[in-house]
Amino acid sequence: MSRVAAPRQDSLLAATLREPDEVRSFDLKRWERLIGEARGADLLGQLHERLDAAGRLDSAPPEARRHLDIARRLSQRHREAVLWELDHIAAALGPLEVPVVLLKGAAYCMSGRRAALGRTFNDVDILVPSHALGRVEDALMGGGWIPEGLNRYDQRYYRKWMHELPPMQHKDRCTLIDVHHTIVPPTSGIVPDAAALLARAVPAGQRGAGMYAVLAPEDMVIHSACHLFFNEFHKGLRDLYDLHTLFGEFGVDAGFWPRIQVRAMEMGLARPLLDAMEQSRRVYGTAVPEEARLGLRAALGTPVLAGPRRWMLERVLLPDHPSCASRATRFARWLAFVRSHWLRMPLPLLVYHLAHKALRSE
Amino acid sequence: MKVSAIASRRFADQLAGPGVVLPCGPFVVRVKSPISQVSSGLHRLYADFDAIESDAFVDFEVRVEPPSVLRRILRPQVIFSCDGRIPFKPLPRHQAFAMLEWGLNWVVSTHAHDHLILHAAVLERDGSALLLAADPGSGKSTLCAGLVHAGWRLLSDELGLVRLDDGRVVPVARPISLKNRSIEVIRALGGLEVGEVCPDTTKGAVAHVRPPRDSVLRRGEPAMPAWLVFPKYSEGAALEVETEGKAHAFMEMVRHAFNYAFLGGDAFDALAGLVDRCEIRRVRYGHLDQVVPLLDRLARGEPR
């Protein structure tokens, strides 16, 4: 079999997730680096799953195997904790009879996606109709979730400008919930039809007397892409792995690719989708049909500053680990931070927001 | 090679360059630091530890170093990082060694999830382990040092690592951290080596006790828990001892566990096993001379 050339800005972790059989030839020091990169990228549990599926767990020396087993133990227990938490959320929100759509980690978990395997996360994200936001917040407070102790500016930042309420934490279990009313900040200038997202959502499991739904496959992938490519790429490689597994699972259905193209164009979110396709293909070797990728490319044209943009994306999608750290990756992460704010709000608002943050910090 | 066998100058160079690889409880860590206080602290208090060959598997790389150039000029500070992650805010530079110790505790308590991780001091006598669990400020570490002085083997002053498969506690045998007046109390006992005092931390003055050689050499020997004690020091108090019920002790230990929620059912089983196996006492005391003999008698199985 001819081996595909390694992509630019490759990492041992990405290479191993692409070709798990390679671990047969790893020495102890290579395993050390692999485990470190996987921990830094928050992909240890997923690495365990990948090696297990490839029948290569036994290649791991005990020193490395131990960390993989710990990650597996935590991710399995995490699943129980998520289901338990969803029961509590259902108890609080059930009486409202509003649609509750799970996003990201909780959605992968409840809809049985492969992306949930080995994955852990800190908060449950839900999407509700914007007209029900007030009632949802009240009901959660009644159930013991308390808005995080933010100052007035932060409160206003979320409520006026963002696509979600300030995070709420449960007083006893310390669990976090993020309540969204749409999938991108309205201040970004992109306003997808949130009602359509809710209308297209599909039921997910029997938990909470069947009250939960998840986004339709195309919307789920587009949201995942937005979340990654509008943000600061903190855990970027992990989020890209989610996309890789989602593409792999949904992409088996040939109708998925034209459908997702149409949906992304409709919502004005074709750019993050194209980024997701291209980066996932580059890093993890995802099978993305040429027509889908080139079709989007033709429709979108070349982005502004295409070269520097690519330079940045390739570097922020490296594992957060000393083996991949350099001046260039630090600079790229800083650029990504600036860019995420730039995308999230118009310039005057951005200046106001950053000035506020700078002057108000301790 | 033992740390003590390396000349202090060479040790400092190694720490500032490729790093020194040391055992840290169930892990192996590479420590890097250009700061002389870190090097002298490690060289002195970890003297009996093996500096591991660098071809071994290193679980974590930790650094204690000055932050950016700009901040260095404004205010001398140090940051602790673990594989590039920075879990704490920077501290004043004179707290560098204490920060390394806190950082190493963080490394163990946030990663050793193949154990139930208890916030407890652990000592051993005749193959059985004594766990001391208490809220900060109860005198747990002081009592731990007092028991080490009385001949108990040190497993840890902070971290009770209970193996999930057999319920034994795994030694850490790192330095004991003392605060404020307890530094003088332990110095006055004689026989234990107390390191440099670091004043003005958020916890007050802090100093570390070098773990006895025997405790370090036997860091491969776990011990089965037999006694669980909730100590409470209060100045001038008379000795009070009561037997604590298993259910109460269990609930209190849930509070002292770092990863109870992470481990779920496994944590329940491990803790229930531990509580079942232990004789449990709640002890209030005003002086080490009251409580150390009491615990010695408890260990010998004598009635009080």
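Order of the sequence lines fixes the chain letters, A, B, ..., with proteins taken first and strands second; residue numbering starts at 1 for each chain. Remember, it's a predicted structure, so these values are computed and weren't measured experimentally.
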(request) Pick whichever of A:Leu74, A:Asp69, A:Ile35 has the most heavy-atom pairs under 4.5 Å with chain B. (result)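 Top count of heavy-atom pairs under 4.5 Å with chain B: A:Leu74.
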(request) Can you measure from NE2 (B:His111) to CZ (A:Arg66) and round to the nearest 0.5 angstrom? (result)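 It is 11.5 Å, given to the nearest 0.5 Å.
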(request) Drop me the distance from B:Phe262's CZ to A:Ile70's CD1, to the nearest 0.5 angstrom. (result) 11.5 Å
With a 6.0 Å cut-off (strictly less than), is the heavy-atom count around [atom1] of [X], excluding the residue itself, greater than 12?
{"X": "A:Arg79", "atom1": "CZ", "result": "no"}
{"X": "A:Arg72", "atom1": "CZ", "result": "no"}
{"X": "A:Arg327", "atom1": "CZ", "result": "no"}
{"X": "A:His341", "atom1": "NE2", "result": "yes"}

Heavy-atom cut-off 4.5 Å, strictly under: side chain, backbone, both or neither for [X] against chain B?
{"X": "A:Arg39", "answer": "side chain"}
{"X": "A:Leu28", "answer": "both"}
{"X": "A:Ala64", "answer": "both"}

(request) Kindly give the heavy-atom pair with the smallest separation between A:Trp31 and B:Phe57, and that separation in Å. (result)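 What the structure gives for the nearest pair is C-CE1, 3.8 Å.
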(message) If you compare all heavy atoms of A:Pro322 against all heavy atoms of B:Gly84, which two are closest, and at what distance to 0.1 Å?
(response) CG-N, 4.1 Å
(message) Determine whether a donor-acceptor pair (N or O, by modelled atom type, separation under 3.5 Å) exists between the side chain of A:Glu32 and the backbone of B:Val58.
(response) yes
(request) Give a yes or no on whether the backbone of B:Ala261 and the side-chain of A:Arg77 come within a donor-acceptor separation of less than 3.5 Å. (result) yes
(request) Answer with side chain, backbone, both or neither: which region of B:Asp59 has an atom nearer than 4.5 Å to a non-hydrogen atom of chain A? (result)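 Both backbone and side chain of B:Asp59 come within 4.5 Å of chain A.
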(request) If the plane angle is over 60° it's perpendicular, under 30° parallel, otherwise tilted; pick one for B:Phe60 and A:His67. (result)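 B:Phe60 vs A:His67 ring planes: perpendicular.
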